[in-house]
Engineer: 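Before we start, here is the structure in question, set down as structure tokens.
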Amino acid sequence: MSEKEMPKAYEADQYEDDIYAAWEKSGFFNPDNLPGERKESFTIVLPPPNVTGVLHMGHAAMLAIEDIMIRFERMRGKKALWLPGTDHAAIATQTKVEKLLIKDGMEDPRTTLGRENFLEKVEEFASNSHDVIVSQAKKMGASLDWSREAYTLDKDRNNAVNAVFKMMYDDGLIYRGHRVINWCPRCKSTLADDELEHKEGNAKLYTFKYDSDFPISISTTRPETKYGDTAVAVHPDDDRYKEYVGKEIKVNFLGQDLNIQVVADKAVDMDFGTGALGVTPAHSHTDADMARVHGLKSVHVISEDGLMINVESVVGMTVKEARKYAVSKLSEKGLIEHEEDIVHNLSVCYRCEETIEPLPMLQWFIDVNKKFSFKGEDDSIKGIKANQEVTLKLLMQHVVRTDQINIIPGQFEKTYFHWIDNLRDWNISRQIWFGHRVPVWYHDKVSVTKKGEENLVDQCKEMIVSSDEPKCEFCDAKFFQDPDTLDTWFSSGIWTFSTLGWPNQTDDLKTFHPTNVLETGYDILFPWVARMILMTTYVLGTVPFKETYLHGLVRDEKGRKMSKSLGNAINPLEMIKKYGADATRLSLVIGVTAGNDSKLSESKIGGYRNFTNKLWNISRYVFSSVDSIEIVESVNPVTLSDKWVLSRLAEVSKKVELHLEKHEFSQAGEKLREFTWAEFADWYLEISKIQKNENTDKILLYTLESILSQWHPFMPFVTEQVYKQFGLPNMMLINKWPEVNGSKTNTEAETDFKIIQNLISSIRNIRAEYNVEHKKEVSVLIKTSNKQRTIIENEKSIVMSLAKVSNIEFVDESPKGAFSSTVISGVEVYVSLEGLIDIQKEKNRLQKEIDLTEKYISGLEKKLSNKEFLNKAPKNIVDKLTSQKEDAELKISTLKSQLLSF
RNA sequence: GGGCGCUUGGCUCAGUUGGUUAGAGCGUCUCGUUUACACCGAGAAGGUCGGGGGUUCGAAUCCCUCAGCGCCCACCA
């Protein structure tokens, strides 16, 4: 396409798909194919999107940010790998499919279909969802290495999961135990502590006695659980109950015999209710903790179906029915002393919002406090020696505290430590079907002895940890596998290395691990980031990544969460179609800072579409104005504006690179936009129309190529499309990141050019204020020093053209008459306005300027007359203020004499 | 209950280690179709940086306090 074929407006959707296809075909998303010697690697693993549905703006933001980092480093000559994948998201996906099947009329999908058929349905859904996600990521322009794509539930990842499970089991870190866990009665599964959400709800707080002969009244919102009480706890300092502490009291609670121990525990709040708490070890985490401390028995009264068990009078009732029943019986007996409406926090399932029921169950756990010997080498984590005794908690804290993992923004480190301090053993088994099956096999009791006639059955192993079905060496009985699956975060926790081939010691693992940056939302710092740190420091004895960059949530323009139910979600695909992927990316990156939520509106995206078009048109102009389109390697500035634009370019490029290195994408983008639009386009391009020499073409091409390259990570499509105009075989994708040419920095040129800019602006200002017709040229008189006179004389043609001036005359005396005047940078400017001048207006204008300057001077005087300031402030500050004051004084005397001339 | 954060022109936000007269985009107003761009250009208006106090020669920036908002964690039953 020649420049003549570049249409007036950039229509993104005409180019984007072709460009992406060309990138893919080039193979350069795969770091193995990148040209040149690349010693340093740069790796990001994509936080795998859940295969529960389509991508939303949050994913789009993630893809934009990570693609910027990857493209930047790829252009800087690194072996850049961005590894894609998807997450099976066990509970989330299973729940979603179940709901869909129920919606289609299947009452109980799991029972109807059975494990295998049900899983087939889930896999089908997951696979469709996966395809949609991949195509959306491509629409965003994500330069992911699809040849290395992984899935948290594929064969390779399953091997890795089983291997990690076995390692941890052998180290005693994974254990099976009866614990009170979080049970979701709808999902029919346990949940980890951080998979709960807390919702405020109304409840009735009942105060009553178990029976009239029981000495202590207790308060509860759940009377139905009291059938399982084995103790009453009071605060040790509570005088009211001191006499009962240590006693065991038999009581009949609505027909159920209870053995109640009275215990003292500091966890009890003396001021809440009666200050006495009925302890139900089986159905409350707090109570279970207390039971452990005081050695209390646990009585199980609620089943996994949410039905009452083990209590004759209420057996088979739902929890709610039992509560109603117990309350009515209590009030019949006149035992209720008080009823109160309270607001309390309910734990609900994060996936289906069902109220969580704490239940005792036999489950698998990871012990976060158990000691084991460190698996890495000396200092593979700094400060830890090979085989040193450590705990998972210790490693998790150590790597962040010692900055071997840097969390951005820093304030999240505090939250991270706080979370780890309160971390309990991690329940990793789930009673759902979709996921990695727990790799544990149990012995079927029926057996026929082997090894001749000897009876060796008692030597059979009860349980074997293995990924494949084991065979017993002593009998013919079969093993059956644990029906449970693993928490989805178990497999995502090993994501940085399972994707690189572990447990095999692959080249990829050596080259790309530890990864460089883990970029994700702050909302999964705990469930995911923390667990990756746990898993990787344990398994490999290294960190999984060196930095964690946390982005915020993308909200709607009113700051609300985007959601289907609110109908306020902006669809990324629609926006890409309408405004282009580049504009969509910019809207998610500029004006956004790490860790903070951002507000997005369609008009914001529209605004960045305008910018894409601006860049397109800048290029279009450059290509149409130069004699031949070519890459320019080096430039020699001739004119003042040449020197200025190259100096600015060098300055801005330096800042852009620095910001990108620090992951300050917004800052980098803003600096670049400022230069592109307000300096290169508004000034240099305009000047190039009037002042052209043999160098101008070169400088235009050089600057354009530089800013296109710097924009490429942000706006890959439009920059790639424009780059085609250079007619080169290579792509912008692997173009070299522009080197900052410090020798082009020229402060003098910048200062001098500023005078020209100010001069032009001030003349334009006067013209606008007096409504001088656009086509009408004005004449200008200038009184100034010789040095500045030379500068202006040299750039006379620019001033005349850009400010619509017919002639510039230099004078030694301030003229009188029909002039509007002003003073900038020591230059007195008089614009001839014969017939238009309004003396009063002019006087007001000058007076206003004088007032402003006087105020400014008095502020400076106050500082400069302060001895403390002169003594303590650094000399350069004092000097600066002094010279500023001198300038301002000069200005004010000029303004005053201009005022007097009327 | 504990912890973290936010409050800067009408709106969305920048503001690095305290040091020019606090910046940008959008919006608003005035003017303008000059062959890169009306998805544009020129010009302008608009903020005592939430309130109060302190530290300092100097505070949007550091400290205290109050107010409003938001988030996270938690076993007040």
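What you see below is based on every heavy atom in this structure, not just the backbone, and it leaves out hydrogens, waters and symmetry mates. We name chains A, B, ... by the order of the sequence lines, and we start the count at 1 in each one.
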Engineer: Which part of the nucleic acid, if any, lies within contact of A:Lys614, taking any heavy atom under 4.0 Å across all strands shown: a base, the sugar-phosphate backbone alone, or nothing?
Structural biologist: base
Engineer: What does A:Ala233 touch in the nucleic acid at a heavy-atom separation under 4.0 angstrom: a base, only the sugar-phosphate, or nothing?
Structural biologist: nothing
Engineer: Applying a 4.0 Å non-hydrogen cut-off, can you work out what A:Ser666 is touching in the nucleic acid: base, sugar-phosphate, or nothing?
Structural biologist: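 The answer is nothing, as A:Ser666 stays clear of every strand by at least 4.0 Å.
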Engineer: Counting only Watson-Crick or G-U wobble pairs whose two distances fall under 3.5 Å, which nucleotide matches B:rU55?
Structural biologist: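 Across all strands, not a single nucleotide pairs with B:rU55.
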Engineer: Establish, from distance only, whether the side-chain atoms of A:Thr822 and A:Ser762 form a donor-acceptor pair under 3.5 Å.
Structural biologist: no
Engineer: For A:Lys754, look at atom NZ and say whether over 12 heavy atoms of other residues, nucleotides or ligands are found less than 6.0 Å away.
Structural biologist: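 No, the 6.0 Å shell around NZ holds no more than 12 heavy atoms from other groups.
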Engineer: Distance between the C1' atoms of B:rU35 and B:rC49, in whole angstroms?
Structural biologist: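 My reading of the C1' atoms in B:rU35 and B:rC49 gives 46 Å.
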Engineer: Considering only the P atoms, how many Å lie between B:rA59 and B:rC75, rounded to the nearest integer?
Structural biologist: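 Going atom to atom, P in each nucleotide, I get 46 Å.
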Engineer: Give one of base, sugar-phosphate or nothing for A:Arg609, where a contact means two heavy atoms less than 4.0 Å apart.
Structural biologist: base
Engineer: Base, sugar-phosphate alone, or nothing: which one does A:Lys872 contact when heavy atoms must sit under 4.0 Å apart?
Structural biologist: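 Base contact.
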Engineer: Does one side chain, of A:Thr280 or A:Asp229, offer a donor that lies under 3.5 Å from an acceptor on the other?
Structural biologist: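 Looking only at side-chain atoms, A:Asp229 and A:Thr280 do form a donor-acceptor pair, the distance falling under 3.5 Å.
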Engineer: Check this for me: does any side-chain nitrogen of one of A:Lys599 and A:Asp556 sit under 4.0 Å from a carboxylate oxygen of the other?
Structural biologist: no
Engineer: Taking atom C1' in both B:rA22 and B:rG9, compute the distance separating them and give it to the nearest angstrom.
Structural biologist: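 It comes out at 11 Å once rounded to the nearest Å.
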Engineer: Between A:Arg222 and A:Ile302, is there a side-chain heavy-atom distance shorter than 4.5 Å?
Structural biologist: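 Side-chain contact under 4.5 Å: yes.
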Engineer: Any carboxylate oxygen within less than 4.0 angstrom of a Lys/Arg side-chain nitrogen, looking at A:Arg767 and A:Glu773?
Structural biologist: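 Salt bridge absent between A:Arg767 and A:Glu773.
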Engineer: Could you tell me the Watson-Crick or G-U partner of B:rC39, where both distances fall under 3.5 Å? Say none if there is no partner.
Structural biologist: none
Engineer: Base, sugar-phosphate or nothing for A:Thr220? Non-hydrogen atoms, less than 4.0 Å.
Structural biologist: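 Here A:Thr220 touches the backbone only, sparing every base.
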Engineer: Provide the distance between the two C1' atoms, one in B:rU7 and one in B:rA60, to the nearest whole Å.
Structural biologist: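 Looking at atom C1' only, B:rU7 and B:rA60 are 12 Å apart.
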Engineer: Find out whether A:Ser797 and A:Ile690 are in side-chain contact, i.e. whether some heavy atom of one side chain is under 4.5 Å from a heavy atom of the other.
Structural biologist: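 A:Ser797 vs A:Ile690: side chains apart.
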Engineer: List in numerical order all residues of residues 880-892 of chain A for which some heavy atom is under 4.0 Å away from an atom belonging to RNA chain B.
Structural biologist: A:Gln884
Engineer: Judged by each residue's nearest nucleotide on RNA chain B, which is more toward the 5′ side, A:Tyr608 or A:Leu685?
Structural biologist: A:Tyr608
Engineer: Any base atoms under 4.0 Å from A:Gly273, or only sugar-phosphate, or nothing? Heavy atoms, all strands.
Structural biologist: nothing
Engineer: Quick check for you: name the first and last nucleotides of RNA chain B, 5' to 3', having an atom under 4.0 Å from a heavy atom of chain A.
Structural biologist: B:rC4 to B:rA77
Engineer: Does any donor atom in the side chain of A:His659 or A:Gln667 lie under 3.5 Å from an acceptor atom in the other side chain?
Structural biologist: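 Not at all, the side chains of A:His659 and A:Gln667 share no donor-acceptor pair under 3.5 Å.
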Engineer: May I ask you to say what A:Ser761 touches in the nucleic acid, namely base, sugar-phosphate or nothing, with a heavy-atom cut-off under 4.0 Å?
Structural biologist: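 Sugar-phosphate only.
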Engineer: Closer than 3.5 angstrom, by distance alone: can the side chain of A:Lys804 be matched with the main-chain N or O of A:Val778 as a donor-acceptor pair?
Structural biologist: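 No.
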Engineer: Which part of the nucleic acid does A:Lys775 contact within heavy-atom distance under 4.0 Å: base, sugar-phosphate only, or nothing?
Structural biologist: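 If one applies the 4.0 Å heavy-atom cut-off, A:Lys775 turns out to touch nothing in the nucleic acid.
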Engineer: Looking at A:Glu849 and A:Lys891, is any side-chain nitrogen of the basic one under 4.0 Å from a carboxylate oxygen of the acidic one?
Structural biologist: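 So A:Lys891 pairs with A:Glu849 through a salt bridge.
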Engineer: Checking ring-ring contact (aromatic ring centres under 6.0 Å, His included) between A:Phe611 and each of A:Trp616, A:Trp711, A:Tyr10, which is the one that passes?
Structural biologist: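 Only one of A:Trp616, A:Trp711, A:Tyr10 forms a ring-ring contact (aromatic ring centres under 6.0 Å, His included) with A:Phe611, namely A:Trp711.
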Engineer: Name the nucleic acid region contacted by A:Glu686, choosing base, sugar-phosphate or nothing; use a 4.0 angstrom heavy-atom cut-off, strictly under.
Structural biologist: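 The residue A:Glu686 makes base contact.
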Engineer: Is any side-chain heavy atom of A:Ile687 closer than 4.5 Å to one of A:Leu802?
Structural biologist: yes
Engineer: Please measure how far the P atom in B:rG5 lies from the corresponding atom in B:rG23, and state the result in whole Å.
Structural biologist: 28 Å
Engineer: Say we look at B:rC26 and B:rC4: how far apart would their P atoms be, to the nearest angstrom?
Structural biologist: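 About 38 Å, rounded to a whole number of Å.
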Engineer: Have a look at A:Glu11 and say if it touches a base, only the backbone sugar-phosphate, or nothing, with a 4.0 Å heavy-atom cut-off.
Structural biologist: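 The residue A:Glu11 makes base contact.
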Engineer: Name the nucleic acid region contacted by A:Asp682, choosing base, sugar-phosphate or nothing; use a 4.0 angstrom heavy-atom cut-off, strictly under.
Structural biologist: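 Since only primed, P, OP1 and OP2 atoms lie under 4.0 Å of A:Asp682, the category is sugar-phosphate.
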Engineer: Tell me the partner of B:rG70, counting only Watson-Crick (N1-N3 plus N6-O4 or O6-N4) or G-U wobble (N1-O2 and O6-N3) with both under 3.5 Å; none if nothing fits.
Structural biologist: B:rC4
Engineer: If you pin A:Gly278 and A:Tyr856 to their nearest nucleotides in RNA chain B, which one's is more 5'?
Structural biologist: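 Closest to the 5' end, via its nearest nucleotide, is A:Tyr856.
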Engineer: Under a 3.5 Å cut-off for both distances, is B:rU34 Watson-Crick or wobble paired, and to whom?
Structural biologist: none
Engineer: Contact class for A:Arg673 vs. all strands (heavy atom < 4.0 Å): base, sugar-phosphate, or nothing?
Structural biologist: sugar-phosphate
Engineer: What does B:rG9 pair with, Watson-Crick or G-U, if both distances are under 3.5 Å?
Structural biologist: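 None - no nucleotide pairs with B:rG9, as no candidate has both distances under 3.5 Å.
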Engineer: Could you work out the separation of B:rU55 and B:rU20 based on their C1' atoms and round it to a whole Å?
Structural biologist: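 That atom pair is separated by 24 Å.
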Engineer: Does A:Asn866 reach a base, just sugar-phosphate, or nothing at all? Heavy atoms under 4.0 Å.
Structural biologist: sugar-phosphate
Engineer: Distance between the P atoms of B:rC13 and B:rG70, in whole angstroms?
Structural biologist: 15 Å
